[in-house]
Amino acid sequence: MDIQLAQLIINGIAVGSIIALGAVGLTLTYGILRLSNFAHGDFLTLGAYLTLLVNSAGVNIWLSMVLAAAGTVVMMLISEKLLWSRMRSLRATSTTLIIISIGLALFLRNGIIFIWGGKNQNYNLPVTPALDLFGLKVPQNQLLVLGLAVLAILALHYLLQNTKIGKAMRAVADDLDLARVSGINVEQVILWTWLIAGTLTSLGGSMYGLITAVRPNMGWFLILPLFASVILGGIGNPYGAIAAAFIIGIVQEVSTPLLGSQYKQGVALLMMILVLLIRPKGLFKGTI
């Protein structure tokens, strides 16, 4: 295999693992709450900036990520209390919810610019040399990002398949009214959905900041690949979203020598369209 191609595939796997974490949160909120949340990318950005805030105070980067995830979850729960729970009680249409989520995205992005400014920033980390693996230069941060993503995905799998709340989440995703009649505490499921989505999304943002600079529009540039992963993997299916995220991450990076980095998002969307022409429901069954 050509060295440059192998290097691009490794970069794609690192980017794909970040897209996967964000896409899982996005597909869970749609599968359970029927919410297409366009503010999701900006919550990812918020996670990166909260990590930067804590890390710049001299706190270890890993602890900074944990505290940032907690802060992102709190912000998501505030938006649930002030916006989404009220909209559900009013039986708001999906169009109304999309418009509100775009407004929330703009509010978050401009709030970040107001507090932190618009320039690129970096975490306070020691400089580590890239590892030489079979002639490939692999930054240590990319390996850490992949390792953390795999751990987070395994934890999610265990939670969804082996815990009471995971089974309740799958039941609510299949049929909310039936789940409510069956005695499932839907409000608790909603709380857990935001908890999981906020944690994974914040981790994705923090890890994206590890391999690139932290900037206010980082989530905005990821929102299209996030939605592409959710749709490609089958809406509401977290495992499908993870698989699609890795496919999109690798294809995006491999396309750069041919098309240039400015067309990465276009490649993700083109790929999604081509797959949907063949499989309109996505690569996998769209259910949790």
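Atoms considered below: every heavy atom in the structure, side chains included; atoms not considered: hydrogens, waters and symmetry mates. For the single chain, residues carry numbers from 1 onward in sequence order.
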Asker: Taking Tyr30 for the side chain and Gly25 for the main chain, is one N or O donor matched with an acceptor at less than 3.5 Å?
Answerer: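 Not at all, since once roles are kept as given, no pair shorter than 3.5 Å links the two residues.
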
Asker: Does Trp192 CH2 have over 12 foreign heavy atoms under 6.0 Å away?
Answerer: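 Check fails, neighbour count at 12 or below.
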
Asker: Please find out if less than 6.0 Å separates the ring center of Phe227 from that of His40.
Answerer: no

Asker: Can you give me the closest heavy-atom contact between Thr51 and Ile61, atom names plus distance?
Answerer: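 Scanning both residues, the minimum pair turns out to be CG2-CD1, 3.8 Å.
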
Asker: Does Phe38 offer a backbone N or O that forms a donor-acceptor pair with the side chain of Ser101 under 3.5 Å?
Answerer: yes

Asker: Where is the tightest heavy-atom contact between Pro216 and Gly117, given as atom of each residue plus distance?
Answerer: CG-O, 3.7 Å

Asker: Is a side-chain donor or acceptor of Asp42 paired with a backbone partner of Thr45 at a separation under 3.5 angstrom?
Answerer: no

Asker: Is the backbone N or O of Asn124 less than 3.5 Å from a side-chain atom of Asn55, with the two atoms forming a donor-acceptor pair by type?
Answerer: yes

Asker: Are the side chain of Arg170 and the backbone of Leu160 linked by a donor-acceptor contact shorter than 3.5 Å?
Answerer: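 Yes, because the side chain of Arg170 sits within donor-acceptor range (under 3.5 Å) of the backbone of Leu160.
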
Asker: Can you name the closest pair of heavy atoms from Thr27 and Ile235 and give their distance?
Answerer: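 For Thr27 versus Ile235, the nearest heavy atoms are OG1-C, 3.9 Å.
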
Asker: So, the side chain of Thr72 versus the backbone of Ala68: is there a donor-acceptor pair under 3.5 Å, distance only?
Answerer: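 Side chain of Thr72 to backbone of Ala68: a pair is present.
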
Asker: Looking at Gln252, is its backbone amide N or carbonyl O close enough to the side chain of Ser255 to form a donor-acceptor pair, meaning the two atoms are under 3.5 Å apart?
Answerer: yes

Asker: Ser202 side chain to Gly198 main-chain N or O, any donor-acceptor pair under 3.5 Å?
Answerer: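 Judged by distance alone, no pair lies under 3.5 Å.
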
Asker: Less than 4.0 Å between a side-chain N and a carboxylate O, is that true for Glu80 and Arg88?
Answerer: yes

Asker: Main chain of Trp116, side chain of Gln121: is a donor-acceptor contact present, judged purely on distance under 3.5 Å?
Answerer: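 Answer holds: yes.
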
Asker: Within the side chain of Asn217, is there an N or O that forms a donor-acceptor pair under 3.5 Å with the backbone of Trp220?
Answerer: no

